[in-house]
Amino acid sequence: MKHIYIAIGLLLSLPFGLFAQQEKVKNQPYVDNKLFHLGFHVGLHAQDMILTHSGADTHGEVWFAEIPSYSPGFSVGVIGDLYMNPYFNLRFTPTINFGDKKFVFKEQESGEEFHTSVRSSYLTFPLAIKYSALRLNNFRPYLIGGIYGAFDLGRKRGNPILLKGTDFGLEFGLGCNVYLPFFRLCPELKFSFGLVDLLEKDRSDLQGQEIIKYPDALSKATSRMVTLTFNFE
């Protein structure tokens with residue numbers, strides 16, 4: 001996560017450094033006036049969850065769970081951008097995110113631990129509004145925010161933790177357009193917050209198995225994700 005914080009600092013410092021620049025020749029001076037344009041993006045992300053514990057006592061054991069570390073995942077998608085006015089654009093960015101979440105369960109009294117991971121391939125459909133600041137030379141910082149729907153293409157029953165196949169949430173972020181001679185390169189940092197309880201309560205597939213105590217230890221789980229992408233438009 002240290003690299004993500006460094007990226008945040010760099011993105012936040014961009015606008016201040018830009019105003020110190022002198023006027024230069026602009027690359028693609030009219031590209032922002034296109035009614036509609038396409039692009040693609042690639043990047044890295046880290047999946048996380050907010051876990052609510054049930055405190056259930058199973059055969060004298062009480063288990064708690066956390067996701068103590070983050071595994072980097074890979075994201076790739078396409079960009080559809082609609083010009084609304086000089087400052088606002090409507091963006092639709094279908095994306096697939098490959099990654100996993102590593103759970104650690106710990107028993108309250110004995111300290112015994114159980115490790116498991118949930119691999120997910122989320123196909124997301126974000127719809128967002130992009131607000132861009134004034135352009136200075138070949139740089140233009142922006143803010144972005146909107147909603148998304150997601151579908152998990154990699155669900156497998158039989159795992160100790162099973163998540164629902166659909167999610168919905170909010171996302172916001174910031175970035176900067178860098179105007180190059182033939183295209184725009186846009187580094188973007190985005191935060192996603194799920195609004196749906198993803199924990200699958202019906203675990204008939206685990207009946208009679210000892211691992212049922214692990215999903216029983218949780219009452220709710222909602223998603224979070226941090227994504228650093230590079231847009232090519």
Side-chain angles (χ1 to χ4, degrees), residues 1-12 14 39-52 65-82 88-103 117-132 141-155 161-177 186-200 218-233:
M1 296 295 287
K2 178 180 178 182
H3 300 294
I4 292 177
Y5 293 133
I6 293 174
I8 293 175
L10 291 174
L11 287 171
L12 289 175
L14 278 173
F40 70 94
H41 64 88
V42 295
L44 299 174
H45 72 266
Q47 298 180 17
D48 189 17
M49 304 201 82
I50 300 175
L51 304 176
T52 303
E66 61 177 350
I67 302 177
S69 61
Y70 303 97
S71 302
F74 178 71
S75 303
V76 61
V78 296
I79 301 169
D81 186 284
L82 179 66
F88 289 94
N89 294 66
L90 180 66
R91 292 169 71 86
F92 181 57
T93 55
T95 304
I96 187 164
N97 302 289
F98 303 97
D100 64 0
K101 295 171 281 290
K102 298 185 183 300
F103 289 77
S117 64
V118 176
R119 184 169 296 277
S120 301
S121 299
Y122 285 111
L123 180 60
T124 61
F125 297 94
L127 183 65
I129 296 292
K130 175 183 176 182
Y131 169 73
S132 301
Y142 63 85
L143 300 174
I144 192 167
I147 60 175
Y148 72 89
F151 302 91
D152 189 353
L153 307 179
R155 297 174 74 236
I161 298 298
L162 180 64
L163 303 178
K164 295 177 181 177
T166 57
D167 193 13
F168 174 81
L170 306 174
E171 61 182 23
F172 65 91
L174 70 166
C176 185
N177 293 318
C186 312
E188 179 179 295
L189 185 66
K190 189 162 56 179
F191 303 87
S192 305
F193 299 89
L195 302 177
V196 176
D197 179 9
L198 293 180
L199 187 66
E200 185 65 73
L218 300 174
S219 63
K220 184 178 180 181
T222 54
S223 65
R224 294 189 301 183
M225 187 161 64
V226 180
T227 309
L228 176 63
T229 59
F230 295 89
N231 303 335
F232 298 84
E233 304 179 41

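Because the structure is predicted, anything quoted here is derived from the model rather than measured.
Within 6.0 Å of NZ in K220 there are 12 or fewer heavy atoms belonging to other residues, nucleotides or ligands. Residue R155 places its CZ atom among more than 12 non-hydrogen atoms of other residues, nucleotides or ligands, all under 6.0 Å distant.
One distance of note links CG of L127 with CG of L90; it measures 5.0 Å at 0.5 Å rounding. In this structure, CE in M225 is found 6.0 Å from OG in S75, a value given to the nearest 0.5 Å. I50 CD1 to T222 OG1: the interatomic distance, rounded to the nearest 0.5 Å, is 4.0 Å. Atoms OG and CD1, from S117 and I67 in turn, are 10.5 Å apart once rounded to the nearest 0.5 Å. In this structure, the separation between NZ on K190 and CD1 on I144 is 6.0 Å, given to the nearest 0.5 Å.
For the pairing with S223, the side chain to side chain donor-acceptor pair (under 3.5 Å) check across D48, D152, D167 returns one residue only, D167. When each of E171, H45, Q47 is paired with T227, the side chain to side chain contact (heavy atoms under 4.5 Å, CB included) condition holds for H45 and for no other.
Put simply, the side chain of T166 does not reach to within 4.5 Å of the side chain of V196, judged on heavy atoms. In this structure the side chain of F232 reaches within 4.5 angstrom of the side chain of V42, judged on heavy atoms. F172 places none of its side-chain heavy atoms less than 4.5 Å from the side chain of L143. A heavy-atom distance below 4.5 Å is found between the side chains of L189 and L174. Counting heavy atoms from C-beta outward, F103 and L51 have side chains that approach closer than 4.5 Å. Between V118 and M49 the shortest side-chain heavy-atom distance does not fall below 4.5 Å. A 4.5 Å side-chain heavy-atom check between I161 and K101 finds every atom pair outside the cut-off.
Taking every heavy atom of both residues into account, A46 and Y70 meet most closely at CB-CB, 4.0 Å. Shortest non-hydrogen contact noted between A221 and D197 is N-OD1, 3.0 Å. The two residues S121 and F98 come nearest to each other via the heavy atoms OG-CD2, 3.6 Å. The minimum heavy-atom distance linking Y142 with P187 is given by the pair OH-O, 4.1 Å. Closest approach of P126 to Y148, counting heavy atoms only: CA-CB, 3.8 Å.
In this structure, F125 and F151 have perpendicular ring planes: the angle between them is above 60°, well past the 30° mark.
With respect to K130 and E188, no salt bridge is recorded, no charged nitrogen being found less than 4.0 Å from a carboxylate O.
Within the 3.5 Å criterion, the main-chain N or O of T52 finds a donor-acceptor partner in the side chain of S219. A donor-acceptor pair under 3.5 Å is formed between the side chain of T95 and the backbone N or O of T93.
Contacts of K102 classified as salt bridge (charged side-chain N to carboxylate O under 4.0 Å, His left out), with partners at least two apart in sequence or in another chain: D100.
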Would you please test N89 and I129 for side chain to side chain contact (heavy atoms under 4.5 Å, CB included) and show each step? CA-CA 6 Å; N89 294 66; I129 296 292; over 6 Å; no
D81 vs R91, test: side chain to side chain contact (heavy atoms under 4.5 Å, CB included). Steps then yes/no. CA-CA 5 Å; D81 186 284; R91 292 169 71 86; 2.7 Å; yes
